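Quick notes on the structure that follows.
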Amino acid sequence: MIKKTVLFTSFLFFFFFAFANNDVLSDAITNSDNLEQIKEEKSEEFKQNTSLTESVSDKVEERRDIIKYGLEADVIDLIKELEKEEDSSFNAELTALFSNSYSANLKSSILTFFAAVKNGLLNDAVLKMLTEKENYTTQELKSCLLYARENNLKDALPEVSSILKDETSPLLEDAIIAIGSLGGGEQALFLADFYQNLNLDDEKKESIIKESIIRALENNVSEELFDFLAEIIEDEGENAVLKSLAVLALSNIKTDEAFQKLLLTYSSNNPLLRVSAIKGISKSDDERVGDIIKEALKDSYYKVRIEAINAISSSSEEVISSLLYRVKNDPENIVKLLAIEKLSTLHSTKANEVLTTIFNDEKASTSIRVKIASSLLKEDFDIIIADVERVAIEATKSEKYKNIRSELGKIVSKIKNERTAKIAEAYINHKDVFVKSLGLDMFATNRYSSLLPLIEDISENEKMGALQKRATSLLKGTSSDIR
């Protein structure tokens with residue numbers, strides 16, 4: 001009886017304690033549930049990480065097997081992938097494969113890869129191949145010249161230069177380019193001499209070789225080459241492309257004589273020569289350059305105007321006015337667009353006001369309005385965002401504006417700034433699949449917390465098709481602190 005009384009008393013005590021501390025008990029249970037949830041999330045995360053690690057490991061082994069045992073075409077495709085990914089983790093395997101392979105295609109692909117990633121692991125092999133040219137195919141030797149050029153293998157210069165002894169060599173053009181890249185002043189004079197003595201039966205081929213020589217000299221020129229280049233520019237019988245290249249090469253000679261020659265060339269009736277001349281003149285620090293560029297903005301040939309715009313660095317009132325005139329009145333749309341881009345980088349209050357006014361003008365062409373939006377959003381976001389938001393949202397309400405709606409959507413989707421949330425919301429709520437997709441692109445860039453419910457709605461709507469999958473994927477990639 002006493003035992004029963006004690007047990008009953010204990011039960012009553014526990015009951016009243018639990019009742020009095022119901023909140024504590026509830027919290028304990030809740031915390032326990034949370035703990036279990038955290039454990040489950042961590043377990044899932046661990047599984048995903050383990051799976052990812054195993055997947056990466058499997059891919060590495062798969063690629064290693066392809067290099068060892070794969071068909072030539074499969075190995076070459078893999079090498080292209082590695083080049084695109086800039087993946088150097090298989091360099092040892094590729095070097096071994098190069099040493100053991102007899103395939104010209106495979107060896108060329110490997111050389112091209114090491115040229116692209118600028119890795120000199122095959123320097124000795126390339127020097128040997130260039131020394132024993134007769135034992136290798138044209139394809140392999142062309143790849144050797146590319147490799148030597150990209151890896152600055154100056155030890156290869158003697159063998160590369162020897163190729164020019166045979167004017168009919170299929171390697172001639174590649175060798176010239178390599179010499180221009182690897183050589184110094186001595187090699188530049190060597191190329192100029194080769195140019196002057198070149199005499200091929202095929203005029204078209206000779207012209208191509210001469211152009212290659214001048215291109216090779218452009219960044220490897222010295223005062224000693226002034227007469228040589230001036231003679232080409234003055235030759236009435238020479239083709240305009242070759243003369244234009246000579247003008248660009250001459251512009252790298254920093255002497256008064258060379259600058260005067262550029263001024264004289266700019267007065268030419270040949271528009272191609274004027275393009276090259278203004279491009280060369282813009283490199284000079286001569287005090288007359290600014291006035292020449294302003295004059296070039298009015299040149300009759302549009303490519304001269306383009307070069308003039310590219311050369312502008314001043315934000316003077318006159319320059320701003322000249323560029324605004326081009327935006328409003330130039331006959332070539334490409335010039336208008338370039339002028340807009342340049343103006344946006346000058347951060348002129350006057351220019352920004354005018355460009356904003358044009359953007360808000362529905363009569364202005366879509367390409368002009370879109371260019372203004374993209375340029376100012378990049379350079380002066382605060383200046384234009386309110387107008388872009390208004391125009392973009394209005395464009396979602398009428399098919400009349402579908403072109404500018406699409407173009408603005410593409411631009412905004414690449415901008416990382418949460419102030420674009422209202423635009424994204426309007427696009428996500430639109431009935432058109434493409435417009436919705438642009439809205440999802442904006443969300444993918446910015447992860448707006450305010451728009452999570454919209455993304456969740458799409459992810460739960462089976463009628464959305466591909467958009468549902470996209471929304472689900474976006475939610476998986478959304479960090480827990482945002483959610």
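Bear in mind that the values here come from a model prediction, so they are computed numbers and not experimental data. All heavy atoms count here, side chains included; hydrogens, waters and symmetry mates do not.
Checked for salt-bridge contact, E317 and K350 meet the test: a charged N lies under 4.0 Å from a carboxylate O. Salt-bridge annotation for E159 and K133: present, with a side-chain N of the basic residue lying under 4.0 Å from a carboxylate O of the acidic one. We find that K118 and E150 are joined by a salt bridge, their nearest charged nitrogen and carboxylate oxygen being less than 4.0 Å apart. For the pair E399 and R405, the salt-bridge criterion is met [side-chain N within less than 4.0 Å of a carboxylate O]. A salt bridge between R288 and D291 is absent, with no side-chain N of the basic residue lying under 4.0 Å from a carboxylate O of the acidic one. Between K336 and D330, no side-chain nitrogen of the basic residue sits less than 4.0 Å from a carboxylate oxygen of the acidic one, so the salt-bridge criterion is not met. A salt bridge links K210 with E206; the closest basic N to acidic carboxylate O contact falls under 4.0 Å.
Note that CG of L408 is 5.5 Å distant from OH of Y427, once rounded to the nearest 0.5 Å. Residue T356 holds its OG1 atom at 6.5 Å from CD1 of I383, rounded to the nearest 0.5 Å. With values rounded to the nearest 0.5 angstrom, F90 atom CZ is found 10.5 Å from E81 atom CD. With values rounded to the nearest 0.5 angstrom, K154 atom NZ is found 4.5 Å from N152 atom CG. Here CD of E332 is found 10.5 Å from CZ of R326. Values are rounded to the nearest 0.5 Å. Y302 contributes atom OH, which lies 11.0 Å from atom CD of E307 (distance to the nearest 0.5 angstrom).
If you run side chain to side chain contact (heavy atoms under 4.5 Å, CB included) between V247 and each of I214, L242, L229, L273, only L273 comes through.
Inspection of the S375 and E341 side chains reveals no N or O donor paired with an N or O acceptor under 3.5 Å. Judged by distance alone, the side chains of D166 and T168 do bring a donor and an acceptor atom under 3.5 Å apart. Between the side chains of E140 and S108, not a single donor N or O lies within less than 3.5 Å of an accepting N or O. Of the N and O atoms on the side chains of E362 and Y401, at least one donor lies less than 3.5 Å from an acceptor on the other residue. In summary, the side chains of S316 and E318 do not present any donor paired with an acceptor at a separation below 3.5 Å, with no hydrogens or angles considered. Residues S89 and D87 have side chains that bring a donor and an acceptor to within less than 3.5 angstrom of each other. Between the side chains of N360 and R390, a donor-acceptor pair is found at a separation under 3.5 Å.
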- request: Could you please spell out the steps behind the side chain to side chain contact (heavy atoms under 4.5 Å, CB included) verdict for L121 and F98?
  value: CA-CA 11 Å; L121 279 173; F98 181 87; over 6 Å; no

message: Evaluate I320 against L324 for side chain to side chain contact (heavy atoms under 4.5 Å, CB included), listing each step before the verdict.
response: CA-CA 6 Å; I320 296 297; L324 287 172; 3.9 Å; yes

- request: Report the C-alpha separation of E85 and R63 in whole Å, then their side-chain angles, then the decisive distance to 0.1 Å, and conclude whether the salt bridge (Lys or Arg N to Asp or Glu O under 4.0 Å) test is met.
  value: CA-CA 13 Å; E85 296 169 8; R63 286 181 161 185; 3.0 Å; yes

- request: Dump the intermediate steps for salt bridge (Lys or Arg N to Asp or Glu O under 4.0 Å) on D441 and K410, then the final yes or no.
  value: CA-CA 8 Å; D441 290 343; K410 293 173 189 176; over 6 Å; no

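D299 places no side-chain N or O within donor-acceptor distance of the main-chain N or O of R305, the cut-off being under 3.5 Å. Between the side chain of Y147 and the main chain of G120, a donor-acceptor pair closer than 3.5 Å is present. Although no hydrogens or angles enter the test, the distance criterion places no donor-acceptor pair under 3.5 Å between the side chain of S398 and the main chain of E394. The closest donor-acceptor contact from the side chain of T420 to the backbone of I423 lies at 3.5 Å or more, if one exists at all. Not one N or O on the side chain of D380 forms a donor-acceptor pair closer than 3.5 Å with the backbone of L376. Between the side chain of H430 and the backbone N or O of V435 there is no donor-acceptor pair closer than 3.5 Å. With hydrogens and angles ignored, the 3.5 Å screen pairs no side-chain donor or acceptor of S207 with any backbone N or O of E203. In this structure, the side chain of K303 does not engage the main chain of V275 through any donor-acceptor pair within 3.5 Å. In this structure, the side chain of K371 does not engage the main chain of L337 through any donor-acceptor pair within 3.5 Å. A donor-acceptor pair is defined here as one N or O able to donate and one able to accept, closer than 3.5 Å; no such pair exists between the side chain of D193 and the backbone of L189.
Ring orientation note: the planes of F228 and Y195 are nearly perpendicular, at an angle over 60° on the 30°/60° scale.
What you find for L248 and K279 is that their closest heavy atoms are CD2-CD, 3.8 Å. Heavy atoms only, all atoms of each residue included: L343 and A351 are closest at CD2-CB, 3.8 Å. Taking every heavy atom of both residues into account, I233 and K243 meet most closely at O-CE, 2.8 Å. The shortest non-hydrogen separation linking K283 to N252 is NZ-OD1, 3.3 Å. Residue L250 comes nearest to A230 through the heavy atom pair CD1-N, 4.2 Å, listed as atom of the first residue, atom of the second, then distance. In plain terms, the two heavy atoms of A178 and L145 that are nearest each other are CB-O, 4.2 Å.
Between F226 and V221 the shortest side-chain heavy-atom distance does not fall below 4.5 Å.
Note that R274 lies outside the cation-pi zone of Y266, set by a 6.0 Å cut-off to the ring centre and a 45° limit from the axis.
Heavy-atom contacts from other residues, nucleotides or ligands closer than 6.0 Å to CD of E231 number 12 or fewer.
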